[in-house]
Undergrad: 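Below is a structure I'd like to ask you about.
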Amino acid sequence: QVQLVESGGGLVEPGGSLRLSCTASGSIFRIYDMGWYRQAPGKQRELVASIARDDSTNYTNTVKGRFTISRDNAKNTVYLQMNSLKPEDTAVYYCNAKLTNHARPMVPAGYWGQGTQVTVSS
């Protein structure tokens with residue numbers, strides 16, 4: 001079994017900052033790409049940022065220059081530092097990881113966390 005557990009969401013005023021964390025645990029063989037998605041009410045889930053095992057990153061245009069994704073491979077953890085938050089950043093943020101487990105070490109699969117709410121409001 002593999003689990004992704006997110007933390008760090010909450011309520012913040014516009015212009016504020018939050019740091020999200022997501023740790024993968026269980027029978028993990030190797031983690032490849034990790035990323036953060038978000039889903040606002042009435043909207044589709046969208047990719048916010050992703051990071052490959054070699055630390056190459058990708059961001060959606062609306063967060064470039066404000067959000068930073070990073071990872072700690074030793075801790076199986078991915079982070080999302082969110083600065084200069086705007087009301088339109090309000091959403092449930094989900095962690096995603098592409099990984100293999102010990103039962104099937106050559107077959108990558110995608111896993112999701114349970115989501116953490118981020119609300120930007122004055």
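A quick note: this is a predicted structure, and the numbers were derived from the prediction, not measured.
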Undergrad: Assess whether atom CD of Glu88 is packed by more than 12 heavy atoms of other residues, nucleotides or ligands within 6.0 Å.
TA: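 Yes, enclosed.
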
Undergrad: Working to the nearest 0.5 Å, report the span between CG of Asn76 and CD of Gln3.
TA: 13.0 Å

Undergrad: Can any side-chain N or O of Arg66 pair as donor or acceptor with the backbone N or O of Ser84 at less than 3.5 Å?
TA: yes

Undergrad: What's the spacing between Ser21 OG and Lys75 NZ if we round to 0.5 Å?
TA: 9.5 Å

Undergrad: Distance check, rounded to the nearest 0.5 Å: Asp89 atom CG versus Thr62 atom OG1?
TA: 7.0 Å

Undergrad: Roughly how far, to the nearest 0.5 Å, is the OG atom of Ser25 from the CG atom of Leu4?
TA: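 Reported value, rounded in 0.5 Å steps: 8.0 Å.
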
Undergrad: Side-chain donor-acceptor contacts of residues 11-18 below 3.5 Å, not counting sequence neighbours, with atom names and distances?
TA:
| unit_1 | atom_1 | unit_2 | atom_2 | d |
| --- | --- | --- | --- | --- |
| Ser17 | OG | Asn83 | OD1 | 2.9 |

Undergrad: Compare every heavy atom of Tyr32 with every heavy atom of Arg71, then report the nearest pair and how far apart it is.
TA: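 Here Arg71 and Tyr32 meet closest at NH1-O, 2.7 Å.
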
Undergrad: Test your reading of the model: is there a side-chain donor-acceptor pair from Arg30 to the backbone of Leu99, 3.5 Å cut-off?
TA: no

Undergrad: Determine whether the aromatic ring centres of residues Phe67 and Trp36 are separated by less than 6.0 angstrom.
TA: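 Judged by ring-centre distance (under 6.0 Å), Trp36 and Phe67 do not meet the cut-off.
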
Undergrad: Hey, could you give me the CZ/CG distance between Arg53 and Asp33, rounded to the nearest 0.5 Å?
TA: 10.5 Å

Undergrad: Is it possible for you to say whether Tyr37 and Val120 belong to one hydrophobic cluster, with membership spreading through side-chain heavy-atom contacts below 4.5 Å?
TA: no

Undergrad: Any idea which heavy atoms bring Leu47 and Ala49 closest together, and the distance?
TA: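 Of all heavy-atom pairs spanning Leu47 and Ala49, the closest is CD1-O, 3.6 Å.
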
Undergrad: Any donor and acceptor pair, going by atom type alone, linking the side chain of Glu6 with main-chain N or O of Gly115 inside 3.5 Å?
TA: yes

Undergrad: At their closest point, which heavy atom of Met34 faces which heavy atom of Ile31, and how far apart are they?
TA: CG-CG2, 3.6 Å

Undergrad: May I ask you to check whether Thr119 and Thr90 show a side-chain donor-acceptor distance below 3.5 Å?
TA: no

Undergrad: How long is the straight-line distance from CZ of Phe29 back to CG of Asn101, given to the nearest 0.5 Å?
TA: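 Result: 10.0 Å between the selected atoms.
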
Undergrad: Let me check something: do Leu85 and Leu80 share a hydrophobic cluster, defined by ILVMFWY side-chain heavy atoms less than 4.5 Å apart, either directly or through other members?
TA: yes

Undergrad: Any side-chain heavy-atom pair from Ile69 and Val78 closer than 4.5 angstrom?
TA: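 The answer is yes; the side chains approach within 4.5 Å.
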
Undergrad: Cation over ring, Arg19 on Tyr79, under 6.0 Å and within 45°?
TA: yes

Undergrad: Do Tyr93 and Arg38 pair up side chain to side chain, a donor and an acceptor below 3.5 Å, judged on atom types alone?
TA: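 Yes - a donor-acceptor pair under 3.5 Å links their side chains.
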
Undergrad: Indicate if Ile51 and Tyr59 have the same hydrophobic cluster label, given that clusters are the connected sets of ILVMFWY residues with side-chain heavy-atom separations under 4.5 angstrom.
TA: yes

Undergrad: If hydrophobic clusters are built by linking Ile, Leu, Val, Met, Phe, Trp and Tyr wherever their side-chain heavy atoms come under 4.5 Å apart, do Tyr111 and Leu20 end up in the same one?
TA: yes

Undergrad: Measure across Gln114 and Val5 and return the closest heavy-atom pair with its distance rounded to 0.1 Å.
TA: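 Closest approach of Gln114 to Val5, heavy atoms only: OE1-CA, 3.9 Å.
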
